[in-house]
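Heads up: the structure comes next, in structure tokens.
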Amino acid sequence: MKSLIDSQLAARVAQDIPDGSYVNLGIGKPTHVSGHVPEGREVIYHSENGILGVGPTPEKGTEDLELIDASKRYITTAPGAAFFEHSDSFAMMRGGHIDIAVLGAYQVAENGDLANWATLDEKFPPAVGGAMDLVVGVPTVLVMMKHVDRDGSPKLLKECTYPLTGLGVVSRVYTDLAVLDVTPDGFRLVELTEGNSLEEVQSVTEAKILT
Amino acid sequence: MDKSVADLASAVAPITDGASLMIGGFGSSGIPFGLIDALLETGVSGLTVISNNAGAEETGIAKLLKAGMVAKVICSYPRSPGSVWFERRYEAGEIELEVVPQGTLAERIRAAGAGLGGFLTPTAYGTLLAEGKETRIIDGRGYVMEAPLHADFALLRAERGDKWGNLSFHATARNFNPVMATAARHAIVEVRHLSDTPLDPETVVTPGIFVQSVVEYGVRP
């Protein structure tokens, strides 16, 4: 099957970020989305640690060590940026003021349940961060992830087996193999990565893909 | 009124064994490194640390964990890159961990500072982190009852302060520092610049009423 690489996937998600949006990008793959938003669109990025208006990565040697994003990477400010403290930051998230969140995931279920904070492996201490607050408050939650796990097991499921981050919160899933909407009836195909057939993608998806 | 303290050691001197301690910062930003180093020298133990992260490498909170001074950590994200001392103590069963969603952590602290008995949040409803907690359905949506979170002390970092305890911050080093100042009985702040003159009231982010002592520590990480 044809599989998008991470930068292609980020570019695909970026196409769906409208001009004028306030967007929170989760740690990992989603941070790359901002580099691919088409010219001419002004998007304001929120980072949970207290900034609206995250700008590009600073040039080497010009970093401000106290100006970082939620992934703990050095950032700059974009025009119109603002700093604020944590209560305000989470009021923006929980209070429905952010338009779009882009998150990674371990698993997504056909009813929109999201699992992205803990596995069943007790060796690892749980770490939830701001994901649970984000998904209850942001109206459009986009997930970008690999279609199947490293061991080949499906990640698009009838029901999640890992602990949930939020219930029925995912709007759309972008994987290396396909784009799928979460609808009241389940996953509905938006598009296949060029060169893939529905049968092929369905064969590595536990949940039924509607067309 | 003069809340300024001569040095870091005097600033942390009131902290005793078993104290609960809010520590400001997120990742590497806004952490009171000077106060943590001074606390390390006191050798107090059995601390409860309330902070977003649980330290990384050999800096900040990781030093307190390494020294065995911490009994319990309340945080949202203990497993950061390089958080080896947290992982070591956790795996050995030497510390208790309470994981709290980050916005719920901030709001529990805010509720304590604002004198509230708790609040209802949709965050974590229906998940593992809501187990055993009171829930309510309001207008068809599920909410979880969360309790206020107080502390005996807060160790904080700000960019500027004056002797009245007024504070202003730099960039994303603000994070949890202002809200933690409100919820601790005794908030201790290291400031990069201790101003001889009062801060411009228009630029004050944390009013001095929430701060008990201010000490200058000019080192920026």
Side-chain angles (χ1 to χ4, degrees), chain A residues 27 47-52 54 63-77 81-96 113-115 117-118 120 122-137 160 162-169, chain B residues 24-30 52-54 56 73 75-81 83 86-87 90-91 97 99-107 109-110 113-114 121-130 141-143 157 159 169-180 182 205-206 220-221:
Chain A
I27 60 177
S47 196
E48 68 201 30
N49 56 318
I51 175 174
L52 265 177
V54 175
E63 298 94 343
D64 178 339
L65 304 190
E66 293 185 317
L67 180 50
I68 62 171
D69 67 9
S71 302
K72 287 97 180 178
R73 297 178 317 158
Y74 298 121
I75 55 170
T76 54
T77 54
F83 298 125
F84 36 84
E85 54 107 1
H86 251 78
S87 306
D88 288 341
S89 188
F90 279 80
M92 292 173 196
M93 295 156 75
R94 219 193 290 103
D113 286 358
L114 170 69
W117 72 283
L120 301 172
E122 299 214 339
K123 278 207 304 285
F124 297 105
V128 66
M132 284 190 182
D133 303 282
L134 201 56
V135 298
V136 296
C160 294
Y162 290 163
L164 295 181
T165 306
L167 281 64
V169 295
Chain B
F26 180 102
S28 56
S29 187
N52 188 60
N53 306 103
V73 172
C75 73
S76 89
Y77 208 82
R79 203 184 57 216
S80 309
S83 57
F86 170 79
E87 284 161 34
Y90 181 79
E91 277 163 27
L97 172 68
V99 170
V100 182
Q102 200 173 133
T104 297
L105 182 63
E107 196 62 15
I109 297 168
R110 201 190 75 80
T121 177
T123 304
Y125 182 81
T127 77
L128 207 58
L129 294 186
R141 190 168 197 204
Y143 291 80
R157 173 166 176 89
E159 182 70 5
F169 297 85
H170 174 72
T172 53
R174 187 178 303 195
N175 55 62
F176 277 93
N177 285 294
V179 76
M180 285 179 170
T182 70
V205 172
T206 291
R220 182 187 276 181

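Computation of the quantities below employed the complete heavy-atom set of this structure, encompassing side-chain atoms and omitting hydrogens, waters and symmetry-equivalent molecules. Just so it is clear: chains get the letters A, B, ... in the order the sequence lines come, proteins before strands, and each one is counted from 1.
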I would like to know whether V205(B) and F84(A) meet side chain to side chain contact (heavy atoms under 4.5 Å, CB included); could you show each step before the answer?
CA-CA 9 Å; V205(B) 172; F84(A) 36 84; over 6 Å; no
Euclidean distance, L65(A) CG relative to H170(B) NE2, rounded to 0.5 Å
9.0 Å
Are any of the side-chain heavy atoms of F26(B) and H86(A) separated by less than 4.5 Å?
yes
Y77(B) and G129(A) have their tightest heavy-atom pair at CD1-N, 3.5 Å
F86(B) versus chain A, heavy atoms under 4.5 Å apart: side chain, backbone, both or neither?
side chain
Enter the distance from S87(A):OG to M180(B):CE here, rounded to the nearest 0.5 Å.
10.0 Å
Return the OG1 to NZ distance between T172(B) and K72(A), rounded to the nearest 0.5 Å.
11.5 Å
Which heavy-atom pair separates A171(B) from D64(A) by the least distance, and what is that distance?
CB-OD2, 4.5 Å
Among G27(B), G103(B), A124(B), which has the most heavy-atom pairs under 4.5 Å with chain A?
G103(B)
Could you state the interatomic distance from OH (Y74(A)) to OG (S28(B)), rounded to the nearest 0.5 Å?
5.0 Å
Counting only non-hydrogen atoms closer than 4.5 Å, does P163(A) touch chain B with its backbone (N, CA, C, O), its side chain (CB onward), both, or neither?
side chain
What is the distance from atom CG of L164(A) to atom CG of L129(B), rounded to the nearest 0.5 Å?
11.0 Å
Which heavy atom of T121(B) sits nearest to which heavy atom of R94(A), and what is that distance?
OG1-CD, 3.4 Å
Would you mind checking which part of N53(B) comes under 4.5 Å of any heavy atom in chain A, side chain (CB onward), backbone (N, CA, C, O), both or neither?
side chain
As an exercise: rank I68(A), D113(A), L67(A) by heavy-atom pairs under 4.5 Å with chain B and give me the winner.
I68(A)
Looking at every heavy atom in both V128(A) and P101(B), which two are closest together, and how far apart are they?
CG1-CA, 3.6 Å
Basic-acidic side-chain contact under 4.0 Å: R157(B), E66(A):
yes
Side chain, backbone, both or neither: which part of F176(B) has a non-hydrogen atom closer than 4.5 Å to chain A?
both
Contact origin within A70(A) toward chain B - heavy atom pairs under 4.5 Å
both
Would you mind checking which part of S47(A) comes under 4.5 Å of any heavy atom in chain B, side chain (CB onward), backbone (N, CA, C, O), both or neither?
neither
Y125(B) and L167(A): which non-hydrogen atoms are nearest, and at how many Å?
O-CD1, 3.4 Å
Pairwise side-chain contact, E107(B) with D133(A), heavy-atom cut-off 4.5 Å (strictly under):
no
Would you mind checking which part of S83(B) comes under 4.5 Å of any heavy atom in chain A, side chain (CB onward), backbone (N, CA, C, O), both or neither?
neither
Within-4.5 Å side-chain heavy-atom neighbours: E85(A) and N177(B)
no
Honestly, the part of F90(A) sitting under 4.5 Å from a heavy atom of chain B is side chain
P125(A) versus R79(B), closest heavy-atom pair with distance
O-NH1, 2.8 Å
